[in-house]
2 protein chains.
Amino acid sequence: MAVANTAVKIPLETPVVEKRVRNRAATEQAILDAAKRLLAEEGFQNFGINAVARGAGCDKQLIYRYYGGLDGLVEAIGTDLGSWVKDRIPDDTGGMFLLTYGDLMERLSLLFLDALRADPLMRRIVAWEVSESSEQVRRLSEARSKALAGWIERMRGSLVPPKGVDAQAVNAMIFAAIQHIVLASAVSDQCAGLALKNGKDWEKAATALKRIVRGVYG
Amino acid sequence: MAVANTAVKIPLETPVVEKRVRNRAATEQAILDAAKRLLAEEGFQNFGINAVARGAGCDKQLIYRYYGGLDGLVEAIGTDLGSWVKDRIPDDTGGMFLLTYGDLMERLSLLFLDALRADPLMRRIVAWEVSESSEQVRRLSEARSKALAGWIERMRGSLVPPKGVDAQAVNAMIFAAIQHIVLASAVSDQCAGLALKNGKDWEKAATALKRIVRGVYG
DNA sequence: CTTGTTATTCACCGCTCGGTGACAATTGGA
DNA sequence: TCCAATTGTCACCGAGCGGTGAATAACAAG
C-alpha cells in the first residue's frame with residue numbers, strides 16, 4: 001500500500017511546448033532587459049543573480065556564461081547608458097535662443113530635472129552611487145557622468161560662464177540639488193520639508209531652481 | 001584507539017572569565033552602540049540582526065527581547081538622533097551678528113555642510129533615506145528632519161526671508177545640494193566632475209555654496 | 001540551601017543567496 | 001548520418017540570513 005505514489009513523474013502537461021526557441025542573442029537581450037527592469041523597479045537592494053535569472057525566465061548559469069556574472073551584466077548596463085541618455089534628454093534647445101550662460105544653465109537644469117524624474121533606472125543608479133562604494137557601481141557611475149558631461153558639452157555651444165564664478169563648482173551644486181531632490185521625492189514625496197507630490201509642488205521646485213540659477217548667473 | 005577523541009570538551013581556556021557581568025542596562029547600551037557603529041561604518045547594506053549581535057558581542061535573542069527586533073532598535077536610534085544633532089551642530093551664532101536672512105542661511109549652510117561631513121552615521125542615514133522606502137527608514141527620516149527643523153528654527157530667531165522668494169523651496173534645494181554632495185564625496189571623492197578630496201576642494205565647494213545663497217538672498 | 005526571577009546563551013529551523021559541475025536538448029556542419 | 005559545438009536546464013553545495021523554543025547561568029529573597 002505504501003507504494004510507488006511517492007516519486008511519480010507527472011507528464012500531464014500537454015506537450016504544447018511554448019516555442020522556447022534557441023536564440024542566444026535574444027536571451028542575452030532578455031537578461032539585460034530583465035536586469036534593467038529589475039534595477040529600475042526594485043532598486044539595487046534585491047538585485048542579484050537569482051532575481052535577474054527569474055526575471056529573464058532563464059537559468060542563472062546563462063548569466064555567468066554570457067556576461068561573466070553580475071559584474072559583467074552591470075557593466076553591460078553601463079554601456080547601454082550612453083544611448084539611454086541620448087534617447088531621453090533632448091539634444092536641441094527646444095527652439096529657444098540661448099543667449100547667455102544663465103539661459104543655458106536654466107534650461108539644462110530644468111531638462112535634467114524632468115529627465116531624472118521620468119527615468120526610474122537613472123534614479124536607482126544615482127541612489128546606488130551614493131550608497132555603496134564597489135567596483136560595480138563605480139563603473140556605472142562613470143558611464144553615467146560621462147554621458148551627462150557629453151550632453152552638457154554638446155548643449156553648451158560657445159557659451160562661457162561669467163568671469164569670477166567657479167562654474168564647475170556651482171554647477172556641481174546645482175546638479176547635486178536636482179539629483180537629491182528627485183531621489184528624495186521618489187521615496188518619500190518630500191525633501192527637507194518641501195512637499196513634492198503633485199505638479200504644483202514641482203512648479204515651486206522648478207521656480208526655486210530657476211531663481212538659484214539666475215541668482216548666480218544672472 | 002578510535003576512541004573518545006571525537007566530542008571532547010576542551011576547557012583549555014583558562015577560566016579567567018572576561019568579567020561578563022550581568023547588566024541589562026549596559027547590554028542594551030552595548031547593542032545600541034553596536035548598531036550605530038555598524039550603521040555608520042558599514043552602511044545599511046549589511047545591517048541586520050546577526051551583524052548587530054556580533055558587533056555587540058551578545059546573542060541576537062537579546063535584541064528581540066530588549067528592542068523587539070530590528071525595527072525597534074532602529075527606532076531607538078531615531079530617538080537618539082535628537083540629542084545626537086544637538087551635540088554635533090553648534091547652537092549659537094559663533095559670535096557673529098546675523099543681520100540678514102542671507103547671513104543666516106549662509107552660516108546655516110556651512111554649518112550643516114561641516115556637520116554632515118563629520119558625521120558618518122548621519123550620512124549613512126541620509127543615504128538610506130534616498131535608497132529604500134520602508135517603515136524603518138521612514139521613522140529615521142522623520143526623526144532626523146524634525147531635529148534639523150528644530151535646529152534651524154532655533155537659529156532663525158526673528159529673521160525673515162525677503163519677499164518674493166519661496167524660501168522653503170529654495171532652502172530645500174540648498175540643503176538637498178549639501179546632502180548630495182557630501183554623500184557623493186564620501187563614496188567617490190567627487191560629484192558631477194567636481195573633485196572633493198582635500199581641503200582646497202571643499203573650499204571651492206563652500207565658496208560655490210555661499211555664492212548660491214547670496215545670489216538668492218543677497 | 002532552596003526557590004524563583006532575570007539575564008544570557010545555545011541549538012535548531014526554513015529559506016534564499018551566489019556559485020558550480022554535470023546533464024539534456026538543439027543546431028549546424030562534415 | 002554522425003559528430004561536435006552551442007544553448008539551455010537541473011540538482012546540488014556551503015554559507016548566511018531572520019526567527020524561535022528551550023536550556024543555562026547568575027543573582028535576590030526566603
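What you see is a predicted model, and the numbers here were worked out from it, not measured in a lab. So that the names make sense, note that chain A is the first sequence line, chain B the second, and so on, each numbered from 1. Just the heavy atoms: all of them, side chains too, but no hydrogens, waters or symmetry mates, feed the values below.
Applying the side-chain hydrogen bond (donor to acceptor under 3.5 Å, both in side chains) test to B:E41 and every residue at least two apart in sequence or in another chain returns nothing. Applying the side-chain hydrogen bond (donor to acceptor under 3.5 Å, both in side chains) test to A:D91 and every residue at least two apart in sequence or in another chain returns A:R154. A search for salt bridge (Lys or Arg N to Asp or Glu O under 4.0 Å) contacts involving B:R24 returns B:E28, not counting sequence neighbours. A search for ring-ring contact (aromatic ring centres under 6.0 Å, His included) contacts involving B:Y217 returns B:Y101, not counting sequence neighbours. A:D33 is linked by a side-chain hydrogen bond (donor to acceptor under 3.5 Å, both in side chains) to A:Q29, counting only residues two or more places apart in sequence or in another chain.
Separating the CG atom of B:D59 from the C1' atom of C:dA7 is a distance of 11 Å, rounded to the nearest angstrom. The interatomic distance linking A:E28 (CD) with D:dG8 (C1') rounds to 13 Å, in whole Å. Atom P of nucleotide D:dC17 and atom CG of A:N46 are separated by 15 Å, given to the nearest angstrom. Following rounding to the nearest Å, A:F47 (CZ) and C:dT16 (C1') show an atom-to-atom distance of 17 Å. For the pair A:E42 CD and C:dT16 P, the computed distance is 15 Å after rounding to whole Å. Atom NZ of B:K60 is separated from atom P of D:dT20 by 10 Å (rounded to the nearest Å).
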Any protein N or O atoms within reach of nucleotides 27-30 of chain C? Criterion: under 3.5 Å, listing atom names and distances.
none

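Remark: B:R54 is in phosphate contact with D:dC17, judged by side-chain N or O atoms under 4.0 Å from OP1 or OP2. An OP1 or OP2 oxygen of C:dG18 is reached within less than 4.0 angstrom by a side-chain nitrogen or oxygen of A:N50. OP1 or OP2 of D:dG8 lies within a sub-4.0 Å distance of a side-chain N or O belonging to A:T27.
With A:N198 contributing its side chain and A:D201 its backbone, the two residues share a donor-acceptor pair below 3.5 Å.
With contacts defined as side-chain heavy-atom distances shorter than 4.5 Å, the pair B:L62/B:Y67 does not qualify.
Mapped onto DNA chain C by nearest heavy atom, B:R24 and A:A51 fall at different nucleotides, with B:R24 at the one closer to the 5' end.
Sorted by first then second residue, the ring-ring contact (aromatic ring centres under 6.0 Å, His included) pairs that include residues 167-192 of chain A, not counting sequence neighbours, are A:F112-A:F175. The side chain to side chain donor-acceptor pair (under 3.5 Å) pairs that include a residue from residues 117-129 of chain B are B:W84-B:D119, B:W128-B:E132, B:E129-B:R144, where partners are two or more places apart or lie in different chains.
Sorted by residue number, the members of residues 61-74 of chain A with any non-hydrogen atom under 4.0 Å from DNA chain C read A:Q61, A:Y64.
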